Amino acid sequence: MKSEPNDYSIDDLEKDGQEPWDGVRNYQARNFMRDEMREGDLVFFYHSNIPEPGIVGTGRVCSKAYPDPTAFDTTDPHYDPKSDPNNPTWFLVDVCFEKKLSQALTLNQMREDVELEGMLVTKRGNRLSVTPVDQKHAAHILSLV
DNA sequence: GCCAACGTTGGC
DNA sequence: GCCAACGTTGGC
C-alpha cells in the first residue's frame, strides 16, 4: 500500500497504531481492498513520491472492508457526490502498524532483485496505490528485511 | 519541475 | 462506442 509520507507516513501509522485507508478513488484499488484483502493479511507500507521510494515498514489488515466515510463528507477533499450512502461506491480497510524497517527496501533494490521479478509495484508506469503481492515475493521481501 | 503512463470525462 | 482532452500519479 502506497502513501506519500508528506501525507501519511509509516511514523504516523506507528503513532496512530491503526488507520482507515480512506480516500482511495480507483476501482482496481478498491476491488483489492473490498474483495481480496482479509483481516490479518500482511501489508507492505510503501513511501511514494520521494527521492528514494520503497517499502519502509509492515502492517496488517485489521478490519473487514467497509464503506469509505470520506466519500459522503462534503468537506473532505475525496468527497464523491456520485457515491450513494445506500449503495456505496468506495470501500476501505483499516491498516494496523506492525513494524518499521531499520532500513527501507528501495524501489531500485526491488527492481534489481531477480527474486522479485514481475512484482507489480516495480513495473514502470504503475500508478495503483494498492497492489497485491505474490506469496513468493512477500516471502522473499521478509527474508531481506 | 518534467513528463510518461494511464484513468476519466464528455462531445459526437 | 470512439476518442480527444484533460487530470492525476509518481518516478526521475
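Chain A is the first sequence line, chain B the second, and so forth, proteins listed ahead of strands; every chain is numbered from 1. What you see is a predicted model; the values in this text were computed from it and never measured.
Listed by first then second residue, pairs satisfying ring pair (Phe, Tyr, Trp, His ring centres under 6.0 Å) with a partner in residues 15-42 of chain A read A/W21-A/F45, A/Y27-A/W90, not counting sequence neighbours.
A/L144 and A/F44 fall within the same hydrophobic cluster, defined by Ile, Leu, Val, Met, Phe, Trp and Tyr side-chain heavy atoms under 4.5 Å apart, directly or through other members. Put simply, A/V95 and A/V61 are part of the same group of oily side chains (I, L, V, M, F, W, Y) that touch within less than 4.5 Å, one to the next.
Rounding to whole angstrom units, CG of residue A/N108 and P of C/dG11 are separated by 10 Å. Distance NE2 (A/H47) to P (C/dG10): 13 Å, rounded to an integer number of Å. Regarding A/K123, its NZ atom lies at a distance of 17 Å from the C1' atom of C/dG11, rounded to whole Å. As a whole-Å value, the separation of A/E52 CD from C/dG10 P is 17 Å. One can place CD of A/Q28 at 17 Å from P of B/dA5, the figure rounded to the nearest angstrom.
Among all heavy-atom pairs drawn from A/K99 and A/I10, the shortest one is O-CD1, 4.3 Å. Between A/L13 and A/F97, the shortest heavy-atom distance links the atoms O-CB, 3.6 Å. Minimum heavy-atom separation, A/T89 to A/S83: N-OG, 3.1 Å.
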Check: protein-nucleotides 7-9 of chain C nitrogen or oxygen pairs below 3.5 Å:
from	atom 1	to	atom 2	distance (Å)
C/dG7	N2	A/R127	NH1	3.4
C/dT8	O2	A/R127	NH1	2.4
C/dT9	O3'	A/R127	O	3.4

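When heavy atoms are screened at a 4.0 angstrom cut-off, A/R111 is found touching the sugar-phosphate backbone but no base atom.
For the OP1/OP2 pair of C/dG11 and a distance below 4.0 Å, the side-chain nitrogens and oxygens of A/Y46 include at least one atom meeting the criterion.
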